[in-house]
Amino acid sequence: MIRKPITAAAVGTAFEFATGRVLQSMGFLNVERVGGRGDGGIDLRAVMRLPSSTPRESIASHVDPDISTNVINSGIKNTNINTIIQCKYVKHSGTGPRSLRELEGVIGRQPRGTLAVLATRFKLSNAALLAARSSAYPILLLAFEMDAADCDGGGSALSDVRGSDVSLFLNPAAQRTWKGLTTGAVYSATTSTAHARLCLLFNGRQLV
């Protein structure tokens with residue numbers, strides 16, 4: 001069987017779908033693809049739900065009081081965080097701070113209390129990490145490997161990304177905005193080995 005040539009657009013689309021699956025595995029809800037003309041720099045949208053078994057007042061105490069867009073309704077023990085995602089499938093490692101500046105331009109047009117995710121194929125450069133660390137906007141950096149050979153000509157990824165292949169960085173602004181939100185590792189044991197998987201934690205609990 002002769003496969004169609006894989007175009008750059010198809011690879012980019014496949015990376016967006018793969019990013020969506022990674023986010024879903026981390027507990028993000030309502031993941032939908034927006035990418036296309038007029039997307040405003042947003043490739044995906046999602047909802048991050050912070051779980052809690054505590055009363056409504058306790059949930060509110062974990063949210064920056066200046067953030068008015070978090071949904072905390074009486075009787076609902078969750079906080080839903082609007083999330084926008086940019087996907088950058090780059091051929092070479094070392095994505096620079098320019099990508100962070102572009103992301104800040106996009107999140108700056110969103111309602112206050114929005115989380116921005118930058119998904120890349122490789123870990124960002126030290127300069128980009130410094131930019132993310134010093135940014136006033138809540139940002140999550142997500143990096144995972146997906147080879148162009150893993151997608152077909154239609155832009156669909158053919159293989160799933162293993163959790164151990166994922167790298168996460170949650171910047172200080174996000175941790176200040178949602179107190180108790182951190183990154184961490186969970187372990188799943190097989191008959192012979194234990195595998196670590198990076199994930200988001202809220203007060204020590206996985207989002208899923």
Shortest non-hydrogen contact between Phe15 and Arg121, atoms and distance:
CZ-N, 3.7 Å

Taking Thr83 for its side chain and Ile81 for its backbone only, find out whether a donor-acceptor pair lies under 3.5 Å.
yes

In chain order, what residues pass the salt bridge (charged side-chain N to carboxylate O under 4.0 Å, His left out) check against Arg98, with sequence neighbours excluded?
Glu102

Rounded distance [0.5 Å steps], CG in Asn82 versus CG in Leu115:
9.0 Å

Would you give the length of the straight line joining atom CD1 of Ile139 to atom OG1 of Thr114, rounded to the nearest 0.5 angstrom?
12.0 Å

Is the backbone of Cys87 close enough, under 3.5 Å, to the side chain of Asp43 for a donor and an acceptor to pair up by distance?
yes

Return the minimal non-hydrogen interatomic distance between Gln175 and Leu170, and the atom names on each side.
NE2-O, 3.0 Å

Note: Pro138 and Ala173 closest approach over all heavy atoms is N-CB, 4.0 Å

Enumerate donor-acceptor pairs with a distance under 3.5 Å from any side-chain N or O in residues 126-137 to protein atoms, sequence neighbours excluded.
unit_1	atom_1	unit_2	atom_2	d
Ser134	OG	Leu130	O	3.0
Ser134	OG	Ala131	O	3.3
Ser135	OG	Glu104	OE2	2.5
Ser135	OG	Tyr137	N	3.1

Closest non-hydrogen atoms of Ile107 and Ala116, given as atom of the first, atom of the second and distance, are CD1-CB, 3.4 Å

Out of curiosity, Phe28 CZ to Leu207 CG, how far, rounded to the nearest 0.5 Å?
6.5 Å

How many angstroms lie between atom CG of Leu168 and atom CG of Leu141, to the nearest 0.5 angstrom?
9.0 Å

Residues two or more places apart in sequence or in another chain: which of them pass side-chain contact (heavy atoms from CB on, under 4.5 Å) with Leu201?
Thr182, Cys199, Gln206

Look up atom CE in Met48 and atom OG1 in Thr79, then write down how far apart they are to the nearest 0.5 Å.
9.0 Å

Taking all atoms of both residues into account, what is the closest heavy-atom pair of Val106 and Ile84, and its distance?
CG1-CD1, 3.7 Å

Nearest 0.5 Å, please: how far is CD1 in Ile85 from CG in Leu142?
9.5 Å

Quick check on the hydrophobic clustering: are Val47 and Leu50 connected, directly or via other members, by side-chain heavy-atom contacts under 4.5 Å?
no

Has the side chain of Glu16 got a donor or acceptor atom that lies under 3.5 Å from a matching backbone atom of Leu44?
no

Just do the side chain to side chain contact (heavy atoms under 4.5 Å, CB included) check on Thr120 and Ser99 with the steps written out, would you?
CA-CA 10 Å; Thr120 61; Ser99 296; over 6 Å; no

Give the minimum heavy-atom separation between Ser167 and Leu198, together with the two atoms involved.
CA-CD1, 4.0 Å

